[in-house]
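Computed from a predicted structure; not experimentally measured. Ligands are counted one by one from 1 in listed order, and the atoms in each one are counted from 1 as well.
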Amino acid sequence: MPKRLEPEPLPRRDFLSLAGLTLTGLAGIGATMGGIRLLKPYVLPERSNRFTIGLPGEFPVGTERILPERNVVVRSTPAGVAVVSLVCTHLGCIVASTDEGFDCPCHGSRFTGEGDVVKGPAPRPLRWLEVWLAPDGKLVVDGGSEVSPGTFFGV
Ligand code: FES
């Protein structure tokens with residue numbers, strides 16, 4: 001005769017039913033959480049490559065100025081302003097200005113003052129970047145937008 005305080009053993013069929021219900025409940029919770037997660041977009045917006053370099057008056061005609069914080073050189077001519085990237089087209093090192101143009105310290109690529117490749121391994125010229133005048137009168141550069149070499153923007 002079983003004692004009154006001892007729990008009755010759970011029959012095998014009841015145990016399997018309870019286990020099945022538990023697993024079904026956990027699967028339902030997981031599916032619900034996954035569905036809720038789908039409501040939130042997981043595509044992160046790309047960081048803008050646009051940056052302001054200053055007023056046109058800061059770049060007098062006939063001058064060339066390197067902006068090390070932006071890795072560009074700003075060239076101002078009577079034809080307008082041009083911005084050339086100083087990022088080497090081989091593996092992205094920052095080229096240094098020389099008397100002849102630009103040299104890459106990493107693997108020895110050389111570029112003319114216009115950014116054309118003189119010596120590899122850089123596969124292509126330095127990038128000329130799009131620049132325009134913002135409504136506030138400052139020059140804005142789009143580091144992600146390349147223009148044809150030799151393009152100057154009238155300001
Ligand atoms: S990164 Fe400039 S030559 Fe390799």
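Partner of V72 under the side-chain contact (heavy atoms from CB on, under 4.5 Å) criterion, out of V131, V87, L129: L129 alone.
Counting only residues at least two apart or on different chains, the ring-ring contact (aromatic ring centres under 6.0 Å, His included) pairs with a member in residues 120-141 are W128-F152. Evaluation of the ring-ring contact (aromatic ring centres under 6.0 Å, His included) test over residues 58-102, restricted to residues two or more places apart or in two chains, returns H90-H107. Pairs passing the salt bridge (Lys or Arg N to Asp or Glu O under 4.0 Å) check and including a residue from residues 72-88, sequence neighbours excluded, read E64-R75.
Between the side chain of R127 and the backbone N or O of G143, at least one donor-acceptor pair lies under 3.5 Å.
Looking only at protein N/O/S atoms, the ones less than 2.8 Å from atom 4 (Fe) of ligand 1 make 2 in total.
P123 approaches T89 most closely through the heavy-atom pair CD-O, 3.2 Å.
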